[in-house]
Amino acid sequence: MSVVKKFSVPRGTCDTLPSEIHQWHHIENTARRLFSVYGYREVRTPYFEETGLFARSLGQTSDVVQKQMLNLFFSAKEEGENRPQNKSRDDQPTAGLSLRPEATASIVRSYIENSFHKKESLSKFYYIGPMFRGERPQKGRLRQFHQIGVEAIGPDSSSPYLDAEVIALSVQLLNDFGLTGFQLKINSLGSPEDKKKLSDVLRAALQKDLAKLCPDCQNRFERNVFRILDCKNLECKTIVSQLKRTESHLSKSSQAYFSEVKDALTILNVPFEVSPYLVRGLDYYTHTVFEISHSSLGSQDALGAGGRYNSLLTDLGADAEDSIGAIGFALGIERILLVRNSQIQDTTPSHMDVFIVTLDPQGRQDAFTTGFKILREVRSKGISAEMNYARASLKSQMRLADKLGARYVVIIGENELKEQMAVLKDMEQSLQDKIQFNKISTSLKEKLKG
Ligand code: HAM
């Protein structure tokens, strides 16, 4: 006998089952409500883009571009157009298409392509959707995961008050989802010149320990020293933890900007910690960066992160004279749910307006077909209704009605057929009545209104 292969959900992805979906709806609905309060509008961009868009935005030396891009290949006909043709210095394909590892680059691409800066001085976008990274899966780290994020982009975006507002929004979201015990860390990378200074300061500070760093970090030392700060290797982490905390790389104006961000956060009553070596894994950040973590998540402890990315607009082709700045963040839904489930016990809400029970003698199905017609009629009035399609006892049909959380049960058997009147049971109040078949839907509609 041949064994038929059974398929499993791909590694690093998961099914969201009906028993869990209410939690996702809660998160998404709460976010949508809050975003509209803050003036953000939804934008949907494709799930894949040109690989070069991500390489240029996130940085050729970022882990995401180096190791985690999921590239797409198309049929032979389109091959010439879409297959990676040229390799970059780092041997990464820069042509071709890739699944989006994040949404900021796509939104900036869309902002420029649709000339939003000509229509409004500040555009506030939000998105909710899947992102894809070819990472080694572990708790809180998936290959397909979901983000909720915002991006505030425009010539009028460069205000420290907007930085504070965006950070406060991310915190309020987590509060509204019902989470507690998370920590907000902020830092300023300063202008691109300050960032360059910071990398020099870091190289000078790490030079004496270079030989002790892991091979990856020794490589990062020249190519992108910031990445060393995020390394999970124990020895590298110890070396990094001993680095002196400094803001010396920041120019006077960057320091003043950062002070205003901190003051505005204090005005908004948002508790934060300044973390001088918070640099983030993506290259596009300048000035304010932030991360929100929760210790219960273990090594993948970031619930969300974001920051300012003023240079990305010109890097992707916007006119420098338009001085378009931007700031945003993204929260990871799966990680939010991991924390939420450890803190909140909520049960699956089940609700059905009416369940139709039918009872026929062996070999007959008159009650069933009558019930089947009534089912369609009540549904056409917008009443949620269900019945059992297989022959079953009264007891097992009532058990199913109960499991579905039915508010009312309509029972049709031989007697009811004779009288053309069904039994109507109010499950909440344990009351029972008789009702004419042709009045069931209007009567239920009336009862459910009250
Ligand atoms: P990110 O730090 O790469 O930033 O991702 C943001 C959040 O997405 C993380 O804090 C985490 O909760 C979640 N996340 C990332 N990778 C995974 C994964 N493999 N599995 C599960 N969850 C994950 C960004 O993506 C930036 N685009 C944020 C931003 C928006 N910056 C400015 N605007």
Side-chain angles (χ1 to χ4, degrees), residues 11-14 27 40 43 45 49 53-54 57-59 62-70 99-111 123-153 157 162-163 166-167 169-171 173-174 177 179 182-187 189 226-227 230 278-294 296-313 325-340:
R11 220 160 91 78
T13 70
C14 44
I27 300 292
Y40 285 85
V43 58
T45 57
E49 299 268 359
L53 172 70
F54 301 120
S57 308
L58 316 189
S62 65
D63 276 0
V64 178
V65 171
Q66 283 274 304
K67 303 180 188 162
Q68 299 163 4
M69 296 296 277
L70 292 170
L99 288 173
R100 62 178 189 187
E102 57 105 61
T104 311
S106 307
I107 289 173
V108 171
R109 191 260 313 131
S110 174
Y111 178 94
S123 303
K124 291 163 119 184
F125 304 110
Y126 81 83
Y127 51 92
I128 301 178
M131 308 293 155
F132 308 87
R133 296 184 192 177
E135 302 200 66
R136 196 171 46 78
Q138 64 179 84
K139 180 188 167 198
R141 189 161 76 183
L142 294 155
R143 289 181 174 162
Q144 178 180 310
F145 58 98
H146 297 76
Q147 285 186 343
I148 293 181
V150 306
E151 313 294 346
I153 312 175
S157 87
L162 183 65
D163 296 42
V166 164
I167 297 172
L169 172 57
S170 66
V171 170
L173 274 170
L174 295 173
F177 297 153
L179 264 56
F182 51 84
Q183 268 121 30
L184 166 66
K185 288 192 189 128
I186 64 168
N187 189 26
L189 301 174
F226 293 141
R227 295 290 83 78
D230 297 326
L278 173 69
V279 290
R280 311 276 304 112
L282 311 172
D283 276 2
Y284 49 58
Y285 293 110
T286 50
H287 294 282
T288 314
V289 286
F290 65 100
E291 200 165 272
I292 304 178
S293 58
H294 201 289
S296 72
L297 285 170
S299 69
Q300 304 300 313
D301 66 351
L303 282 168
R308 193 160 265 292
Y309 47 94
N310 291 347
S311 313
L312 184 57
L313 274 290
I327 179 162
F329 68 78
L331 303 175
I333 300 186
E334 284 81 358
R335 293 188 192 175
I336 289 169
L337 289 177
L338 277 174
V339 175
R340 195 170 179 274

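Keep in mind that the numbers below use all heavy atoms, side chains included, and drop hydrogens, waters and symmetry copies. One-based numbering, in listed order, for ligands and for the atoms of each.
Nearest non-hydrogen protein atom to atom 9 (C) of ligand 1 is A302 O, 4.0 Å. Nearest protein heavy-atom contact of atom 19 (N) of ligand 1 is E135 OE2, 2.7 Å. Atom 14 (N) of ligand 1 has as its closest protein heavy atom F145 CE1, 3.5 Å. Nearest protein heavy-atom contact of atom 6 (C) of ligand 1 is Q147 NE2, 3.3 Å. Protein heavy atom nearest atom 29 (C) of ligand 1, with residue, atom name and distance: Y285 OH, 3.4 Å. Looking only at heavy atoms of the protein, atom 20 (N) of ligand 1 is closest to L142 N, 2.9 Å. Among all protein heavy atoms, the one lying closest to atom 13 (C) of ligand 1 is G332 CA, 3.7 Å.
Within the 4.0 Å heavy-atom shell around ligand 1 one does not find G149. Within the structure, ligand 1 has L282 among the residues with a heavy atom less than 4.0 angstrom away.
Between R227 and D283, the closest side-chain pair of non-hydrogen atoms falls below 4.5 Å. When side chains are defined from C-beta on, L189 does not count as touching T286, because their heavy atoms never get closer than 4.5 Å. Looking at heavy atoms from C-beta onward, L278 lies out of side-chain contact with I186 at the 4.5 angstrom threshold.
Interface atoms of ligand 1 facing F329, defined by a heavy-atom separation under 4.0 Å, are 29 (C), 30 (C), 32 (C), 33 (N). Applying the 4.0 Å criterion to heavy atoms of G306 picks out, from ligand 1, the atoms 31 (N).
When E151, Q144, E102, R133 are ranked by how near their heavy atoms come to atom 3 (O) of ligand 1, first place goes to R133. The heavy atom nearest to atom 32 (C) of ligand 1, considering only A305, G328, G140, is found in G328. Considering only non-hydrogen atoms, atom 1 (P) of ligand 1 lies nearest to R280 out of R136, R141, R280.
Separating the CG atom in L297 from the CZ atom in F182 is a distance of 12.5 Å, to the nearest 0.5 Å. In this structure, CZ on R133 lies 13.0 Å from CD on Q144, to the nearest 0.5 angstrom. A distance of 11.0 Å separates OG1 of T104 from CZ of F329, quoted to the nearest 0.5 Å.
Counted by atom type alone, E102 and S57 present zero donor-acceptor pairs between their side chains at under 3.5 Å.
Not a single N or O atom of A330, backbone or side chain, sits closer than 3.5 Å to an N or O atom of ligand 1.
A side-chain donor-acceptor contact under 3.5 Å links N310 to the backbone of A326. Checked by atom type and distance alone, the side chain of R141 pairs as donor or acceptor with a backbone atom of R136 at under 3.5 Å.
When all heavy atoms are compared, the tightest approach of V64 to P101 is CG1-CB, 3.5 Å.
Only the side chain of Y284 comes within contact range of ligand 1, with a heavy atom under 4.0 Å; no backbone atom does.
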